[in-house]
Amino acid sequence: MQNTHNHNILREKNFSSGLAKLGWSPFFQDQYENSAADSVPARVVGVHRHVFSVMQGEEVFHVSLAGRLYNQATRIYPVVGDWVLVNEQVITSIFTRNNLLSRKTAGGRSGRNAEVNEEQGIAANLDFAFIVCGLDRDYNPARIERYLTLTYHCGIEPIILLSKSDLQQNPEQFVCEVEAIAPGVPVYPLSLYDTEAVLRVATLLYPHRTAALIGSSGAGKSTLINQLAGKNIRHTQAVGERVGKGRHTTTSRDLFLLPGGGMVIDNPGIREIGLSRQVAESMSAFPDIEALAGQCRFSNCTHTCEPGCRVLEAIASGEISSRRLNNYIKLNNELDYTRERQNKSADRVEKERWQHISKKVKDLKNRRNQQWK
Ligand SMILES: Nc1nc2c(ncn2[C@@H]2O[C@H](COP(=O)(O)OP(=O)(O)OP(=O)(O)O)[C@@H](O)[C@H]2O)c(=O)[nH]1
Ligand SMILES: [Mg+2]
Ligand SMILES: [Zn+2]
């Protein structure tokens, strides 16, 4: 039977080189040495509801998740890039992650009691996150700042790729602009028609490194994967041809092993990156403004009109651009909105609780009245 065959391959102990190719490191080896002898490590390369594709060596197997893990209160669910232990086509445990790229989901739609700010894991154990932003109407420095905040918060090194550079006369101008908002972060132009640029990305991933591609729908993430792979392994589609409510061409997250040795994870475009409270509070994309804000005369300074505002001084002297301050303030406002929503939902929960209690009291009264009759 196919399953038994798979399992026998999985059990082969001579896997070290195969694992290294998939990004295995001493961090995981240490964990493995303390684990049950009859399970083997594998890397999650695809998640399809309750079926997980895992890779071991060159082969991909489809496995399920042990009910015990599924029902755990902590609910650690494998994501693409995770290292897991597999025994008899079942994932029996998930290795502690090096890092996890995650974002806040809007929540609340799936049920009244759904958490407003649920963290959704995107990918685990990454060496980089490639923030892909097209130099077409997708271009939006404020959005890049938000992606940066997200990656910093997750402890993942960002690299910015300005795709569709062929659509601009002077792409270097955009590179400079983005470099100014992302101090110390590599920013590269990228184009479908520029093999050298694609090669540069491939080199960043060699050997055995893993990167996730994030960016809006239509930014060119899958196009890049196809170029790195040297063949069409991902379906792509022109922005204008996208139909239906989803609009996203890519709908699944998958990890691909590239011929050059690296690994990339394709993601569906993120329509809106919700920042969780902790992320927004960390605000790491604006360390310059944060440092200045700490020196303002008033501790609750809004940096809009207050006397003794160090941030406004820095803008007057040209140290910081006013556009950058605007983005900082916008992010702050979003944080307030998130808080407000959290509080609102707490109020609603409280209200519902009281409605429930008062109904019970009413029922009880009615029953009592009936007894007396
Ligand atoms: N001119 C130009 N067009 C590009 C380039 N890269 C991608 N495109 C086009 O942009 C469109 C969208 O590309 P995709 O790769 O499907 O975008 P995506 O980021 O994967 O989108 P989702 O899967 O929806 O998240 C396609 O029509 C591509 O041909 C580029 O470098 N130059
Ligand atoms: Mg895609
Ligand atoms: Zn101030």
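As a basis for the values below, the full set of heavy atoms in this structure was taken, side chains included, without hydrogen atoms, waters or symmetry mates. Whatever order the structure lists them in is the order used to number ligands and atoms, beginning at 1.
The ligand atoms of ligand 1 that sit less than 4.0 angstrom from a heavy atom of A219 are 17 (O), 19 (O). When each atom of ligand 1 is checked for a heavy atom of P268 under 4.0 Å away, the hits are 25 (O).
Annotation: F130 is not in aromatic contact with Y188 [ring centroid separation under 6.0 Å not met].
The shortest N or O to N or O distance between D266 and ligand 1 is not under 3.5 Å. When only interatomic distances are considered, the shortest N/O to N/O separation between S217 and ligand 1 falls below 3.5 Å. Between T223 and ligand 1, a contact under 3.5 Å exists for at least one N or O pair.
Taking the six-membered ring where tryptophan is involved, the planes of F28 and W83 are tilted, since the angle between them lies from 30° to 60°.
Ionic pairing of D138 and K164 is not present here: no N-O contact between side-chain nitrogen and carboxylate oxygen is shorter than 4.0 angstrom. Look at R97 and D82 and you find a salt bridge, because one of the NZ, NE, NH1 or NH2 atoms lies within 4.0 Å of a carboxylate O, short of that distance.
Ligand 1 lies within reach of G218, whose nearest heavy atom is under 4.0 Å from it.
Of the heavy atoms in L167, only side-chain atoms (C-beta onward) come closer than 4.0 Å to ligand 1. Only the side chain of D166 comes within 4.0 Å of ligand 1, judged by heavy-atom distances.
The Mg ion (ligand 2) has an N, O or S atom of S222 closer than 2.8 Å.
Side-chain N/O atoms of S317 and E313 include no donor and acceptor closer than 3.5 Å. In summary, the side chains of E157 and Y152 do not present any donor paired with an acceptor at a separation below 3.5 Å, with no hydrogens or angles considered.
At least one donor-acceptor pair under 3.5 Å links the side chain of D194 to the backbone N or O of E196.
Looking at H303 and the Zn ion (ligand 3) together, the shortest N, O or S contact belongs to ND1.
Rounding to 10 degrees gives 110° for the angle at the Zn ion (ligand 3) between SG of C309 and SG of C296.
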